[in-house]
Amino acid sequence: MRMRNRRYRQRNTATQMLVGAGVILAGFLFLIDNLGWIDLDMRVHFWPFILMLVGASTLAQAPRRGSGAAVAGIFMIGFGAVSLLKGLGLIYISWQTLFPIGIIGLGLMMVFRAHKRSQQAAAGSEEANGLVDDTAIFSRSEGATGERVLDQTAIFGGVHCKVTTQDFRGGDLTSVMGGIDLDMRTASMNGVAVLNVFALMGGISIKVPTDWTVELEGTPILGGFEEKTMQPKDASKRLVVRGTAVMGGVDIRN
């Protein structure tokens with residue numbers, strides 16, 4: 001268990017170093033723009049830079065989150081780079097072309113994720129057999145589940161899920177301009193569970209039982225992580241919440 005915790009800290013430190021390097025680069029660009037050496041329009045050039053930074057952070061997490069994170073990271077870096085070059089006038093591409101490319105990329109990420117789940121199910125993976133995959137795009141999804149592994153996605157929509165399993169093992173939560181409300185107050189676990197979260201201009205709310213110890217390993221970028229849980233008497237049940245919040249928020253409470 002100690003070795004596992006050490007790996008968690010090393011991975012989280014690497015992500016924070018990457019984000020820190022991005023912040024330093026952003027500050028340097030602001031400085032030379034204020035000195036008049038370059039002309040940057042922050043309304044045009046800022047958001048592609050943030051998207052590329054988030055993509056790099058997601059790509060750095062690919063070794064533990066799988067090929068889906070690698071595809072998402074590469075797509076965000078590429079889309080942000082093309083948008084930045086367009087804003088700088090180095091290439092010409094219309095938004096009528098760029099926006100459909102973004103939609104295609106979103107679809108590809110969903111296909112990769114579905115393919116990964118089907119491979120796990122075909123191989124008889126114990127994790128896949130106990131996984132719930134719920135995606136809300138421009139809609140709202142509500143329900144309860146007794147599955148042990150979660151994979152919840154809200155894109156321009158909302159997901160409200162109540163978890164009742166007594167052997168929770170973790171999962172992934174992704175909110176892009178949407179919201180996820182996860183109620184695990186009637187759930188339980190054995191040992192340690194890791195919940196990977198990603199919020200981009202969206203929100204994730206997690207409610208946990210009072211006998212769970214919550215460990216935050218989050219990286220906020222113009223966003224925030226907030227943990228308001230009570231400290232239990234022992235740390236036999238630990239939930240590690242790890243991820244990134246970009247202009248969004250992640251809230252954990254009892």
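By convention here, the first residue in the shown sequence is residue 1. Because the structure is predicted, anything quoted here is derived from the model rather than measured.
Here the straight-line distance linking atom CD of Glu215 with atom CG of Leu195 works out to 13.5 Å at 0.5 Å rounding. Annotation: the span from His160 atom NE2 to Leu182 atom CG amounts to 9.0 Å, rounded to 0.5 Å. Taken to the nearest 0.5 Å, the CG atom of Asp183 stands 10.5 Å off from the OG1 atom of Thr164.
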Dump the intermediate steps for side chain to side chain contact (heavy atoms under 4.5 Å, CB included) on Asn190 and Asp167, then the final yes or no. CA-CA 6 Å; Asn190 298 306; Asp167 187 21; 3.3 Å; yes

Residue pair Ile180, Val197: steps toward the side chain to side chain contact (heavy atoms under 4.5 Å, CB included) verdict: CA-CA 10 Å; Ile180 296 178; Val197 299; over 6 Å; no

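When all heavy atoms of Gly80 and Pro48 are compared, the pair lying nearest together is O-CB, 3.3 Å. When all heavy atoms are compared, the tightest approach of Leu239 to Met189 is CB-CE, 4.0 Å. The two residues Gly170 and Ala193 make their nearest non-hydrogen contact at N-CB, 3.9 Å.
Sorted by first and then second residue, the side-chain hydrogen bond (donor to acceptor under 3.5 Å, both in side chains) pairs with a member in residues 199-212 read Asp181-Lys207, Asp211-Lys237; sequence neighbours excluded. Among pairs with a residue in residues 245-254, those fulfilling salt bridge (Lys or Arg N to Asp or Glu O under 4.0 Å) read Asp251-Arg253, at least two apart in sequence or across chains.
The ring pair (Phe, Tyr, Trp, His ring centres under 6.0 Å) test applied to Phe79 returns Phe75, not counting sequence neighbours. In this view, Asn254 satisfies the side chain to side chain donor-acceptor pair (under 3.5 Å) rule with no residue, not counting sequence neighbours. For Glu226, the salt bridge (charged side-chain N to carboxylate O under 4.0 Å, His left out) partners two or more places apart in sequence, or in a different chain, are Lys228. For Thr97, the side chain to side chain donor-acceptor pair (under 3.5 Å) partners at least two apart in sequence or on another chain are Ser94.
Side-chain contact between Gln231 and Thr213 is present, with at least one heavy-atom pair separated by less than 4.5 Å. Between Asp172 and Phe198, every side-chain heavy-atom pair lies at or beyond the 4.5 Å cut-off. Counting heavy atoms from C-beta outward, Glu227 and Val241 have side chains that stay 4.5 Å or more apart. Between Leu173 and Ile206, some side-chain heavy-atom pair lies under the 4.5 Å cut-off.
Hydrophobic cluster membership differs between Val240 and Met230, with clusters built from Ile, Leu, Val, Met, Phe, Trp and Tyr side chains linked at under 4.5 angstrom. Both Leu85 and Met76 are members of a single hydrophobic cluster when ILVMFWY side chains are connected at heavy-atom separations under 4.5 Å. Leu84 and Ile93 fall within a single hydrophobic cluster, where Ile, Leu, Val, Met, Phe, Trp and Tyr side chains are chained together by heavy-atom contacts under 4.5 Å.
At least one donor-acceptor pair closer than 3.5 Å links the side chain of Gln166 to the backbone N or O of Thr186.
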